[in-house]
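I have placed the structure first, in the form of structure tokens, so that the comments after it can refer back to it.
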Amino acid sequence: MIYAVVVGALLVSLSLLLVRALLGPTVFDRALAGNAIGTLAMLLLAIFQFVSGRPEFVDLALVYGVLNIVGTIAVQKFFRYGDLGEPGVGDEEHRL
Amino acid sequence: MQRFHSISVVISLFVFWLVLSGYFTPFLVTVGLAVSVLVVWFAHRMDVIDQEGHPLQLRGGVVHYWPWLIVEIVKSAWTVSRLIVHPRLPISPTLLRVKMSQRTPVGQVMYANSITLTPGTISVAIEGDEIVVHALTQAGADDLVGGEMDRRVSACEGRA
Amino acid sequence: MSQVIDILSALLMSAGGVFCVIGAVGVLRMPGFYTRMHAASVIDTLGASLIILGLLLQSGFSLASAKLVILWLLIFFCSPTASHSLANAAHQRGIKPWQPDQGASSSSKN
Amino acid sequence: MATGSRSVIILEELTAVVLLTLMGAAAIGVARQRNLFGVVLLSGIYSFLMATVMVVLDAVDVAMTEAAVGAGISTVLLLGAIHLTGGTESKPIHRPWLPLFVVTVTGAMLVYGTLGLPAFSDPQAPIHQHVAPRYLTEGPEKTGVPNVVTVVLASYRGFDTLGETFVVFTAGIGVIALLRRRNPRRTQDRDGEGDRS
């Protein structure tokens, strides 16, 4: 039952990362932990499709991956430009 | 070149569709092809498609670069893992500037991403033709200053 | 033959699991934001790759393996982008890198 | 893949319990957090965990929606809302006792309600006896769609899915709004210095 071992390892990592997300201290630490939790959730999904014998549903993990980066980039844009509007106009002199 | 590039994008999208759908009946395959063509057409109209999103010009160089990059990643990930489990956490983080010799934005992104992808070094910002890099250890920083990765990315870019 | 592949994939996946745990421990243990990012990238690279490689061996040559390869490519292209954007945002916000002398505990230069 | 179904069920239940515990921890973190950015990030994490639980419980489409809405679009929307208001939560003016009472009673009623439900994945449950067999046997040839989930979603529950499609469409627009950048060829005032972030 190799899957049980891997799932267990992933769950332990998830808990540790959640502790980091709860502790903070900065917002970026939380975002980092959130990003890593997204990656782990993705792996967990991929493994679970194999556990339940339906490996053709790995697509869901793909959706997770895409959403994960959307969330992270949203946070990044917010903290870099101060808002989400007019994204990408900000060259170096515009932002400051 | 432009036409060739568009056809290549259509083919990539079509293969992606086939992989996700998994049904190979004539009707569904035709629909997939039509959707791929439509998406590329719309993308052209919206002007969101360019050489950067689908860097066909790198196809030769990447074959030589990736195996080396993967070996580097494994090596540095092993080093970082050893540091993490070390009871005294012997890290010496430094912030340094690395010169990059790439000419195109795609090459620069490739170099910066390679730096970030190898654990132990993270590209923090790009200022002019320099990358601000945060390195976990002095050794990792020295490796980067040695410039082998920079050379290889430039070679990969130049092969286009 | 299938026995060998099973054992190999089990080894790969457990190694991936171990690296994920190590990365998570690192994220918890490292001082300062940037140093934590290095630990997280262990999860994104070695942990994820080994687990996906193990699953690839299990799935053999099928549609699922093609999807796993796409998943792997997605991680490899997106995780550095996300990390860089986070680091960049932190840099813009003036988060200072942690230095060994300012830390509270257990720091030693090697 | 040659694993006994019994151990698979145990593994699934164990995973669900652990994930639900983590979700509880995340929820407490959200409640205790005064910094609203932290709240947004933690609720994103909560959504990811929730979606994973959904997959473990075999509700794949719900998981997809939860991930798209909870982790994707609501993070973007909430960040936009924070930009319009402010970054820290103000002190509540009410005492927490009345809301706590209401929530506890509602929760207790919901838990009481679950007692009347059939056991999880019980093959004799009405949901598996009523229309599900018909969907499975007749659906594909009646509608001509090979995938059963697509049959139910796109044909039998077409209007329902139309609404869901709007949600996903909104999420897509959010993504475009987020990742869009001004085309260097079109900006005259700046000489083609692309966005490098």
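A, B, ... follow the sequence lines: proteins, then strands. Residue 1 opens every chain. Hydrogens, waters and symmetry mates are skipped; everything else that's a heavy atom, side chains included, is used.
C/L74 touches chain A through its side chain: at least one heavy atom from C-beta onward sits under 4.5 Å away, while N, CA, C and O do not. Both the backbone and the side chain of A/V66 come within contact range of chain C, with heavy atoms under 4.5 Å apart. Residue A/L14: no heavy atom, backbone or side chain, is found under 4.5 Å from chain C. Within the 4.5 angstrom heavy-atom criterion, atoms from both the backbone and the side chain of A/D29 approach chain C. Residue A/L62 touches chain C through both its backbone and its side chain, counting heavy-atom pairs closer than 4.5 Å.
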Worked verdict on C/M13 versus A/F50 for side chain to side chain contact (heavy atoms under 4.5 Å, CB included): CA-CA 13 Å; C/M13 285 200 292; A/F50 280 80; over 6 Å; no
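Of the listed residues A/N68, A/L17, A/V19, A/L23, the one with more heavy-atom pairs under 4.5 angstrom with chain C than any other is A/L17. In terms of heavy-atom pairs under 4.5 angstrom with chain A, the leader among C/G47, C/A90, C/G17, C/A82 is C/A90. Annotation: maximal heavy-atom pairing with chain A below 4.5 Å, among C/L86, C/I22, C/L55, occurs at C/L55.
Here the closest non-hydrogen pair linking C/L71 and A/M42 is CD1-CG, 4.0 Å. Here the closest heavy-atom approach between residue A/L32 and residue C/A40 is recorded as CD1-CB, 3.8 Å. Among all heavy-atom pairs drawn from A/A36 and C/I43, the shortest one is CB-CD1, 4.5 Å.
Rounded to the nearest 0.5 angstrom, A/F28 CZ and C/M37 CE are separated by 10.0 Å. Going from atom CG of A/L16 over to atom CG of C/L28 covers 5.5 Å, rounded to the nearest 0.5 Å.
Looking at heavy atoms from C-beta onward, A/I47 lies in side-chain contact with C/I51 at the 4.5 angstrom threshold. Counting heavy atoms from C-beta on, the side chains of C/C20 and A/L43 come closer than 4.5 Å.
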